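To start, the structure under review is shown below, and the notes come after it.
Keep in mind the model is a prediction, meaning the values are calculated, not measured.
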Amino acid sequence: MDSEEQMRSRMSRRDFLACLLSLSAGAVFPISAHPVFADSEPKPVKKALHWVTANDPGADCLLCHDPAETRNPKSFTHADGIVRCLLCAQQCILRPGERGRCRARKNQDGVLISLVYGKPVAIHLDPIEKKPFYHFLPGQSAYSIGTAGCPLSCQFCQNWEISQAMPEDIPAVYRSAQRITEEATGRKAPIIAFTYNEPTVFFEYLMDIARLAKEGGIRSVLVSCGFMNPAPLKEMCTALDAIKIDLKGFSPDFYRKHCRAELAPVLRSIRTVSRSGVHLEIVNLVIPGLNDDKRMLSALIQWVADEIGPDVPLHFTRFHPDYQMRNVPPTPVATLETAYEMALKAGLHYPYIGNVPAHPGNHTRCPRCHRIVIERNGFFVLSTHLEGGKCRYCGASVSGVWI
């Protein structure tokens with residue numbers, strides 16, 4: 001590892017100070033802000049998984065066409081090399097040279113390839129609480145990585161510098177899956193987190209890392225918008241230990257207008273994860289005037305209670321102005337407190353208030369005696385009162401992964 005003096009010599013004073021400010025604020029920044037190390041590892045073109053081409057012998061026409069369109073298949077003439085990506089719910093149809101909505105996958109001469117395999121643009125050692133995971137190995141560190149690209153276009157994105165970027169716009173040093181697991185081991189991180197942008201866009205890289213990590217005793221977690229198709233998600237569930245999904249609002253119109261996406265695939269993904277046995281947490285970023293209506297919050301809470309059950313942690317997170325919503329004020333804490341109380345009344349055991357450091361809504365409480373069993377301040381665990389996953393005071397089980 002380079003010394004601070006060496007680091008200064010490779011960056012301008014202004015860039016160095018900006019880097020320090022980003023670190024102090026817990027922000028995400030491209031790893032190009034760090035010294036660039038020489039890397040002799042090859043940089044392969046990675047063929048993508050989960051796609052179909054019309055030119056495949058025996059291709060299923062229904063993967064691209066409605067049944068009514070396929071009554072007379074001889075009437076179709078396909079352009080050479082057209083493909084359909086089946087990774088996320090956008091299901092982009094691409095001619096040669098075109099990219100998907102995520103910007104991270106491209107039709108190259110009739111073959112879908114990943115443009116971000118082995119190219120993380122953000123790497124950071126974070127508290128697991130920052131993701132946020134409150135019921136998965138609290139107090140532990142997560143070696144966190146992200147690439148460029150996202151299938152959504154959220155106007156309020158807090159990592160838009162990388163999620164809305166082209167992969168070639170951010171310099172990235174190639175890091176193999178093996179190297180990522182070795183770096184996590186070297187930092188003594190028991191967890192690797194796929195985060196910052198939407199990790200589904202680097203599915204192949206994610207799976208290679210998660211499988212290697214599992215062999216080495218490191219657990220893997222996903223921080224996701226939940227906009228993937230069922231088959232890739234089920235495959236991810238075989239390699240991942242925990243998944244956090246952002247349920248951005250309980251309205252199809254909200255998703256279409258502010259995210260350029262649909263709500264239904266996200267709900268489907270939440271159901272899939274909850275039935276897989278993988279640890280699940282849900283976050284709702286509450287934005288003033290857009291998704292903070294009591295009826296919408298009530299509908300979201302009731303859906304979680306009915307479909308997923310009372311033991312899933314549900315985080316109501318405070319919005320701060322960013323990207324294309326800099327004119328929207330931060331969420332009033334009172335709004336978050338209202339959502340928190342509504343969740344408790346609906347029978348949810350573990351609602352939380354996020355992005356409000358030192359708020360009592362950060363703590364984990366026993367679902368039976370309601371005493372604090374995990375005390376937090378922001379991303380930091382101050383005290384724990386669990387023994388074998390049970391409340392030290394009354395012996396009730398507290399849902400989560402604790403060891």
Side-chain angles (χ1 to χ4, degrees), residues 28-33 43-53 64 81-123 144-175 177 180 194-209 222-229 232-233 236 245-246 248 255-262 265-266 269 322-325:
V28 177
F29 55 90
I31 59 173
S32 56
K43 303 169 180 60
V45 172
K46 187 69 174 181
K47 183 179 177 181
L49 300 172
H50 296 287
W51 59 281
V52 66
T53 172
C64 295
I82 196 166
V83 305
R84 182 166 211 168
C85 181
L86 302 176
L87 182 61
C88 90
Q90 299 289 8
Q91 302 199 128
C92 299
I93 296 176
L94 307 172
R95 295 180 175 83
E98 291 183 337
R99 301 188 189 204
R101 279 275 307 276
C102 66
R103 308 171 186 83
R105 300 165 84 76
K106 178 182 178 181
N107 181 343
Q108 182 170 287
D109 301 323
V111 176
L112 192 66
I113 64 168
S114 169
L115 299 174
V116 292
Y117 186 94
K119 298 178 181 178
V121 298
I123 296 180
S144 305
I145 70 167
T147 71
C150 182
L152 273 59
S153 302
C154 299
Q155 297 170 341
F156 45 86
C157 182
Q158 296 173 12
N159 287 330
W160 61 271
E161 295 94 334
I162 61 174
S163 72
Q164 304 303 305
M166 294 284 196
E168 62 270 26
D169 289 343
I170 307 176
V173 174
Y174 179 80
R175 280 172 163 83
I180 291 295
F194 306 108
T195 181
Y196 302 139
N197 68 320
E198 171 47 50
T200 301
V201 307
F202 58 93
F203 173 85
E204 299 78 13
Y205 190 41
L206 177 160
M207 290 299 296
D208 285 350
I209 294 169
L222 174 72
V223 177
S224 176
C225 66
F227 203 67
M228 63 285 281
N229 278 332
L233 177 56
M236 284 191 275
I245 292 182
D246 290 310
K248 299 174 187 290
Y255 265 87
R256 290 168 192 152
K257 183 176 180 180
H258 301 292
C259 306
R260 293 183 64 200
E262 295 290 333
V266 181
S269 292
D322 213 330
Y323 193 32
Q324 297 173 342
M325 288 193 177

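Contacts of Gln158 classified as side chain to side chain contact (heavy atoms under 4.5 Å, CB included), with partners at least two apart in sequence or in another chain: Leu285, His320, Asp322. For Gln108, the side chain to side chain contact (heavy atoms under 4.5 Å, CB included) test picks out Val45, Ile113, with sequence neighbours left out. Every side chain to side chain contact (heavy atoms under 4.5 Å, CB included) that Ser269 has, sequence neighbours left out, goes to Met228, Leu233, Ile245. Residues meeting the ring-ring contact (aromatic ring centres under 6.0 Å, His included) test with Tyr255, sequence neighbours left out: none. Applying the side chain to side chain contact (heavy atoms under 4.5 Å, CB included) test to Cys154 and every residue at least two apart in sequence or in another chain returns Leu152, Phe156, Cys157, Lys248, Cys259. With sequence neighbours left out, Glu262 forms a side chain to side chain donor-acceptor pair (under 3.5 Å) with Arg256.
Between Met236 and Phe203, the closest heavy-atom pair is CG-CE1, 3.6 Å. The heavy-atom pair separating Ile170 from Ala165 by the smallest distance is CD1-CB, 3.9 Å. What you find for Pro167 and Ala104 is that their closest heavy atoms are CG-CA, 4.3 Å.
Contact check for Thr147 versus Lys119: no side-chain heavy atoms found under the 4.5 Å cut-off. Within the 4.5 Å cutoff, the side chain of Arg103 has heavy atoms near those of the Gln164 side chain. A heavy-atom distance below 4.5 Å is found between the side chains of Lys46 and Asp208. Side-chain atoms of Val201 and Pro151, non-hydrogen and from C-beta on, do get closer than 4.5 Å to each other. With contacts defined as side-chain heavy-atom distances shorter than 4.5 Å, the pair Leu49/Met207 does not qualify. Looking at heavy atoms from C-beta onward, Leu94 lies out of side-chain contact with Trp51 at the 4.5 angstrom threshold. Inter-residue side-chain proximity for Arg101 and Ser153 is flagged as met; some heavy-atom pair is nearer than 4.5 Å. With contacts defined as side-chain heavy-atom distances shorter than 4.5 Å, the pair Tyr196/Pro120 does not qualify.
Expressed to the nearest 0.5 Å, how far CG of Leu206 lies from CG of Leu222 amounts to 6.0 Å. The CZ atom of Arg105 sits 4.5 Å away from the SG atom of Cys85 when rounded to the nearest 0.5 Å. Here Cys102 contributes atom SG and Phe227 contributes atom CZ; the two are 12.0 Å apart, rounded to the nearest 0.5 Å. In this structure, OG1 in Thr53 is found 10.0 Å from CG in Leu112, a value given to the nearest 0.5 Å. From Cys92, atom SG reaches atom CZ of Arg84 across 8.5 Å, with rounding to the nearest 0.5 Å.
Each of Val173, Ile162, Asn197 was evaluated against Val121; a single residue qualifies, Ile162, per the side chain to side chain contact (heavy atoms under 4.5 Å, CB included) test.
By the 30° and 60° cut-offs, the orientation of the rings of Phe194 relative to Phe202 is perpendicular.
Under the 3.5 Å distance criterion, the side-chain polar atoms of Asn107 are left unmatched by any main-chain donor or acceptor of Gly97.
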Next on the checklist: Walk me through whether Glu168 and Arg99 qualify under salt bridge (Lys or Arg N to Asp or Glu O under 4.0 Å).
Outcome noted: CA-CA 13 Å; Glu168 62 270 26; Arg99 301 188 189 204; 2.8 Å; yes
